[in-house]
Amino acid sequence: MIRLLPVPPDRLPAFCRGKGLDPSGATAYAAWQGERLLGWCAIGEGDPCPVLGLEAEDASLADGLLRAALFPRYRQGTKGYRFRRPPACPLPKGYTTAGEGALARLFAPCDQREEKSHE
């Protein structure tokens with residue numbers, strides 16, 4: 001089973017430094033299978049939200065890590081995201097890897113679901 005979890009605050013500074021990132025204001029998620037790290041995503045503060053780093057074994061895992069990291073910022077009102085450096089793994093269609101991407105393109109369909117009556 002794959003577990004996708006936030007990096008705990010007490011481990012975040014060492015985790016970020018181990019990836020060559022500044023931990024100031026960072027949030028990170030990691031995907032684990034047992035004790036094996038399958039991927040990670042770290043973001044910073046701001047709008048557009050900086051994607052500090054992303055590594056994953058495949059595009060689907062990269063998508064899950066990005067969505068896990070970016071969704072709380074979207075819910076807080078952040079409008080965009082920007083990769084600080086090109087992702088080290090392939091991404092599914094829909095992500096903007098050069099320039100600013102819109103978080104609404106990634107999450108708006110979830111917020112705009114309408115309850116349908118089952119008459």
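Keep in mind it's a predicted model, so treat the numbers as computed, not measured. Just so you know, residue 1 is the first one in the sequence shown, and it goes up from there.
Under the side-chain hydrogen bond (donor to acceptor under 3.5 Å, both in side chains) criterion, Thr27 pairs with Arg73, sequence neighbours left out. Residues forming a side chain to side chain contact (heavy atoms under 4.5 Å, CB included) with Asp58 (at least two apart in sequence, or on another chain): Ser60, Leu61. With sequence neighbours left out, the side chain to side chain contact (heavy atoms under 4.5 Å, CB included) criterion links Leu103 to Leu70, Tyr74, Thr78, Tyr81, Leu106, Phe107.
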For residues 34-57, please give each side-chain donor-acceptor pair under 3.5 Å, one per line with the distance, not counting sequence neighbours.
residue : atom : partner : partner atom : Å
Arg36   : NH2  : Glu57   : OE2          : 2.4
Trp40   : NE1  : Glu55   : OE1          : 3.3
Asp47   : OD1  : Lys79   : N            : 3.3
Asp47   : OD1  : Gly80   : N            : 3.1
Asp47   : OD2  : Lys79   : N            : 3.0

Taking distance alone, no hydrogens or angles, what donor-acceptor pairs closer than 3.5 Å link side-chain atoms of residues 83-99 to residues at least two apart or in another chain?
residue : atom : partner : partner atom : Å
Tyr95   : OH   : Asp63   : OD1          : 2.5

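A salt bridge (Lys or Arg N to Asp or Glu O under 4.0 Å) check over residues 9-20, counting only residues at least two apart or in different chains, returns nothing.
Scanning both residues, Ala28 and Leu12, for their nearest heavy atoms gives CB-CD1, 3.7 Å.
Tyr29 and Phe15 fall into different hydrophobic clusters, where Ile, Leu, Val, Met, Phe, Trp and Tyr are joined by side-chain heavy atoms under 4.5 Å apart, directly or via other members.
From Ile2, atom CD1 reaches atom CH2 of Trp32 across 13.0 Å, with rounding to the nearest 0.5 Å.
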